[in-house]
A.B. asks: 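Take a look at this one; I'll ask things after.
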Amino acid sequence: MARYLVGRLVARRLAVPGGEALLLGRIVETEAYLTGDAACHAFRGMTPRNRSLFLEHGHAYVYLAYGTAWMLNVSAGPVGIGTGVLIRALQPIAGLEIMRARRGRVPDRDLARGPGRLAAALAIDRALDGVDLCHPGPLWLGDDGGDGAPSEIGTSTRIGLTRDADRMLRFFRRGSAWLSGPARLNRPDG
DNA sequence: GTATGGATGTTCT
DNA sequence: GAACATCCATACT
């Protein structure tokens, strides 16, 4: 699923002064967190924080990392199995004005380059934990049939881990200007 | 582009 | 009380 999600769309419907905004971004970078994977939050079983990881695939697991940054994950297994995909970076497609306003004075390239930045740009926080991402709502996933050629997806180790850090479970759109992570990991094969 | 250190809040031991 | 799926500013190459 982590590989599949590269090239798909994230859609966010958001109330703004005077109406509603639609924010869109194309996923360019993901990471997989598997069962039996010491880096997966579900590794030691279900807790109040990680329970959304155990929902049927296609639900949001949102949590706060380092006290400052929200992370958007997609549950990826059948009910009761804690496994998921972290969405790490987006190419902004629509609603850039809103994203810029939310992110402050940063280059467009940095609007959603990194999981915490992505969540900040799309106003994602705990309120969206557990939502169904497979149908239109406040937050959902889409597919416009574009930009997902498997041959154009590179792999690397995951970023920022101390445990199970050597597995090739990061997936990214090759050559994208919107990737997070050090340049050495973004080469054709990380 | 790369490397470093501090801020931050929640979770679990 | 330690660990943590990060970000930002700063300094340096």
Side-chain angles (χ1 to χ4, degrees), chain A residues 1-6 10 25 27-55 57 59-77 81-90 92 99-130 133 139 141 153-188 190:
Chain A
M1 184 183 285
R3 184 186 290 272
Y4 164 78
L5 285 175
V6 174
V10 175
I27 298 171
V28 296
E29 179 183 344
T30 63
E31 284 176 357
Y33 289 85
L34 310 179
T35 56
D37 171 0
C40 180
H41 282 185
F43 184 62
R44 289 182 173 78
M46 191 185 298
T47 68
R49 174 177 68 163
N50 70 22
R51 69 196 153 83
S52 295
L53 264 184
F54 294 79
L55 296 173
H57 61 82
H59 287 76
Y61 166 47
V62 180
Y63 73 93
L64 188 62
Y66 297 102
T68 57
W70 295 98
M71 305 283 123
L72 171 63
N73 300 256
V74 184
S75 67
I81 302 296
T83 179
V85 175
L86 172 67
I87 310 300
R88 284 197 57 93
L90 298 180
M99 297 186 199
R100 291 185 188 113
R102 295 192 54 80
R103 293 275 296 117
R105 269 179 74 95
V106 303
D108 279 3
R109 186 162 176 261
D110 290 344
L111 284 177
R113 192 163 69 91
R117 293 164 170 176
L118 173 170
L122 298 194
I124 291 169
D125 64 18
R126 161 151 303 157
L128 294 169
D129 186 38
L133 298 172
L139 180 68
L141 298 171
I153 295 175
T155 60
S156 79
T157 55
R158 296 173 292 183
I159 293 176
L161 303 188
T162 56
R163 299 176 304 187
D164 259 335
D166 296 330
R167 306 174 77 170
M168 301 291 276
L169 291 173
R170 175 173 173 266
F171 301 86
F172 58 93
R173 179 97 171 100
R174 283 186 192 170
S176 171
W178 308 91
L179 299 174
S180 75
R184 52 169 275 268
L185 289 188
N186 292 335
R187 288 196 279 265

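Note that the coordinates shown come from a computational prediction; the quantities given were computed from them, not determined experimentally.
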A.B. asks: Looking across every strand, which nucleic acid part, if any, lies under 4.0 Å from A:R49 by heavy atom: base, sugar-phosphate, or nothing?
C.D. replies: sugar-phosphate
A.B. asks: Under a 3.5 Å cutoff on both atom distances, Watson-Crick or G-U, what's the dot-bracket for DNA chain B ([ ] crossing, | other strand)?
C.D. replies: |||||||.||||.
A.B. asks: With side chains defined as the heavy atoms from C-beta onward, is the minimum distance between A:W70 and A:D129 less than 4.5 Å?
C.D. replies: no
A.B. asks: Measure from the side-chain N and O atoms of A:T83 to the backbone N and O of A:G77, and report whether any donor-acceptor pair falls under 3.5 Å.
C.D. replies: no
A.B. asks: Just the endpoints, please: which first and last nucleotides of DNA chain C, 5' to 3', lie under 4.0 Å from a heavy atom of chain A?
C.D. replies: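 The protein-touched segment is C:dC4 to C:dC8.
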A.B. asks: Classify the nucleic acid contact of A:R170 as base, sugar-phosphate or nothing, counting any heavy atom under 4.0 Å across all strands shown.
C.D. replies: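 Answer is nothing: A:R170 stays at 4.0 Å or more from every strand.
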A.B. asks: Separation of A:L185 atom CG from B:dA3 atom C1', in whole Å?
C.D. replies: 15 Å
A.B. asks: What is the nucleic acid contact for A:A183, judged by heavy atoms within less than 4.0 Å: base, sugar-phosphate only, or nothing?
C.D. replies: sugar-phosphate
A.B. asks: Give A:R113 one of three labels, base, sugar-phosphate or nothing, depending on what nucleic acid heavy atoms sit under 4.0 Å from its own.
C.D. replies: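 Counting heavy atoms under 4.0 Å across all strands, no contact is made by A:R113.
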A.B. asks: Tell me the closest heavy-atom pair linking A:C40 and A:L34, and the distance in Å.
C.D. replies: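 In terms of heavy atoms, the two residues are closest at CB-O, 3.4 Å.
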A.B. asks: Using whole Å, what does the distance between atom C1' of nucleotide B:dA7 and atom CG of A:L64 come to?
C.D. replies: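 Between C1' of B:dA7 and CG of A:L64: 13 Å.
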A.B. asks: Tell me whether the NZ or CZ atom of A:R49 lies within the 45° cone about the ring axis of A:Y63 and under 6.0 Å from its centre.
C.D. replies: yes
A.B. asks: Quickly work out the A:H41 NE2 to B:dC12 P distance and round it to whole Å.
C.D. replies: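 One finds 10 Å between P of B:dC12 and NE2 of A:H41, rounded.
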A.B. asks: Nearest 0.5 angstrom please: A:H41 NE2 to A:L53 CG, how far?
C.D. replies: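 A:H41 NE2 to A:L53 CG: 8.0 Å, rounded to 0.5 Å.
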A.B. asks: If you assign A:V106 and A:L72 each to the DNA chain C nucleotide with the nearest heavy atom, which residue ends up on the more 5' nucleotide?
C.D. replies: A:L72
A.B. asks: For A:R103 and A:A120, work out which heavy atoms get closest and say how close.
C.D. replies: CD-CB, 3.9 Å
A.B. asks: Would you give the length of the straight line joining atom CZ of A:R184 to atom CG of A:N186, rounded to the nearest 0.5 angstrom?
C.D. replies: 10.0 Å
A.B. asks: Is it true that a side-chain atom of A:R88 and a backbone atom of A:F172 form a donor plus acceptor pair closer than 3.5 Å?
C.D. replies: no
A.B. asks: If the test is side chain to side chain contact (heavy atoms under 4.5 Å, CB included), which one of A:T155, A:D37, A:T30 qualifies with A:L169?
C.D. replies: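 It is A:D37, the one option of A:T155, A:D37, A:T30 that forms the side chain to side chain contact (heavy atoms under 4.5 Å, CB included) with A:L169.
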